[in-house]
Amino acid sequence: MNKIAIVGAGSMAEAFISGIVENDLIDKKNIWITNNSNKERLSNLHGRYGVNSTYDLNELFDGADIVVLAMKPKDAASAINQIREHLTEQMLVISVLAGVSMYAIETLAKKPLSIVRAMPNTSATVGKSATAVAVNTRVSEDQIKKTEKLFGTVGLTTFVEEEQLDAVTGLSGSGPAYIYYLIEAMENSAVEVGLEKQMAQELIVQTLIGAAEMVKKSTKTSEQLRLDVTSPGGTTEAGIKILEEKGVQEAFLACIKAATAQSKKMGDALCSQLAAEQPS
Ligand SMILES: NC(=O)C1=CN([C@@H]2O[C@H](COP(=O)(O)OP(=O)(O)OC[C@H]3O[C@@H](n4cnc5c(N)ncnc54)[C@H](OP(=O)(O)O)[C@@H]3O)[C@@H](O)[C@H]2O)C=CC1
Ligand SMILES: O=C(O)[C@@H]1CCC=N1
């Protein structure tokens with residue numbers, strides 16, 4: 001890895017910078033970043049991580065072997081249009097943009113590119129992202145190794161087909177929000193049954209970490225582990241009965257299907273727009 005050029009300086013970009021710098025993957029002087037206009041944000045990132053920033057695209061891309069696209073999907077078209085002349089077939093272009101396909105990126109760049117499309121989640125901030133990655137046929141073995149190293153600094157990486165990324169987005173991309181929602185619900189319930197919120201939060205968080213660790217380490221399925229907790233006529237049985245009556249499993253199915261469909265819809269909308277703009 002020689003130089004990384006990051007386009008977009010939001011929370012996702014910062015999670016990567018933090019992971020790369022903490023793991024000494026590359027000298028921080030070789031990490032370059034730009035954004036749309038927020039100079040204060042760039043100087044803040046420089047101050048905290050020692051990375052370089054610039055609005056000069058020649059300086060940003062000069063000698064870069066990896067480019068990370070980390071702006072919002074709505075800004076992808078204008079951002080890629082601005083940088084397209086600097087992108088080369090030799091560079092590895094890593095995109096974390098939700099719903100922006102490799103086809104869309106190449107169409108906007110107006111050239112074939114080696115593209116890695118990734119779906120991390122916000123737990124990248126604490127090095128615990130569940131990231132799924134798809135690569136196109138131009139990505140070399142060496143670039144795959146670089147990709148694994150890079151995403152390894154922010155958590156777990158798994159390789160998927162591009163078609164699976166909508167489902168991954170609906171599952172683990174949005175996933176932290178579902179878990180926060182569950183935590184919120186458990187915190188509010190704890191208060192209702194007479195517990196102090198802060199203390200309840202500690203219990204809930206440790207319960208989640210412990211249960212997740214059990215699923216990860218045990219040879220039992222999650223269903224078996226649930227049944228292990230559920231004594232006949234006991235408290236868990238009483239609680240789970242209510243979750244079943246309220247249709248919580250069905251609600252999760254509908255939730256993940258809706259998020260997957262929304263990811264596909266966002267991607268399809270951009271692809272249709274780009275196809276319509278192509279000269280016939
Ligand atoms: N949040 C999440 O859970 C997840 C997000 N993602 C993806 O990560 C990406 C980044 O998200 P996030 O970090 O939350 O975004 P933020 O809104 O925090 O940051 C977006 C950044 O893009 C910059 N930007 C906008 N337009 C341009 C441009 N033309 N050229 C250069 N930079 C530009 C903005 O600059 P300025 O501030 O100057 O306007 C800002 O620094 C998104 O595409 C999202 O889909 C992926 C997985 C999970
Ligand atoms: O809600 C969103 O669109 C983004 C994509 C994955 C997580 N957040």
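Just so you know, these numbers come straight off a predicted model, no measurement behind them. The residues of the chain are indexed from 1 along the displayed sequence. We count ligands from 1, going down the list as the structure has it; atoms in each ligand are counted the same way.
Taking the six-membered ring for Trp and thresholds of 30 and 60 degrees, Phe61 and His86 have nearly parallel ring planes, at less than 30 degrees apart.
For ligand 2 and Gly173, the ligand atoms under 4.0 Å from any heavy atom of the residue are 6 (C), 7 (C). Per-residue contacts place Ala98 under 4.0 angstrom from the following atoms of ligand 2 (heavy atoms of the residue considered): 5 (C). For ligand 1, the atoms closer than 4.0 angstrom to any heavy atom of Ala9 are 21 (C), 40 (C), 41 (O). Below 4.0 Å from some heavy atom of Gly8 lie the following atoms of ligand 1, by number and element: 21 (C), 22 (O), 23 (C), 32 (N), 41 (O). Residue Pro73 has at least one heavy-atom neighbour below 4.0 Å for each of these atoms of ligand 1: 42 (C), 43 (O), 45 (O). Every atom of ligand 1 with a heavy atom of Asn38 under 4.0 Å away is listed here by number and element: 37 (O), 38 (O). For ligand 1, the atoms lying closer than 4.0 Å to a non-hydrogen atom of Ser37 are 38 (O).
For atom 3 (O) of ligand 1, the closest heavy atom belonging to the protein is Thr122 CG2, 3.2 Å. Atom 18 (O) of ligand 1 has as its closest protein heavy atom Gly10 CA, 3.2 Å.
When non-hydrogen atoms are compared, ligand 1 lies under 4.0 Å from neither the backbone nor the side chain of Arg41. Looking at Ala70 against ligand 1, only its backbone comes within 4.0 Å, counting heavy atoms.
Between Glu245 and Lys241, at least one side-chain N (NZ, or NE/NH1/NH2) sits under 4.0 Å from a carboxylate O, which counts as a salt bridge.
Checking only distances, Thr34 never comes within under 3.5 Å of ligand 1, N or O to N or O. Between Pro120 and ligand 1, no N or O atom pair is found at a separation short of 3.5 Å. For ligand 1, none of its N or O atoms has an N or O atom of Leu97 under 3.5 Å away. Where the criterion is an N or O separation shorter than 3.5 Å, residue side chain and backbone included, Met71 meets it with respect to ligand 1.
Taking Asp62 as the reference, nothing meets the salt bridge (charged side-chain N to carboxylate O under 4.0 Å, His left out) condition, with sequence neighbours excluded. Residues meeting the salt bridge (charged side-chain N to carboxylate O under 4.0 Å, His left out) test with Glu162, sequence neighbours left out: Arg117.
Considering each of Val7, Asn36, Leu60, the one bringing a non-hydrogen atom nearest atom 27 (C) of ligand 1 is Asn36.
Put simply, atom 4 (C) of ligand 2 has no protein non-hydrogen atoms near it, under 4.0 Å away.
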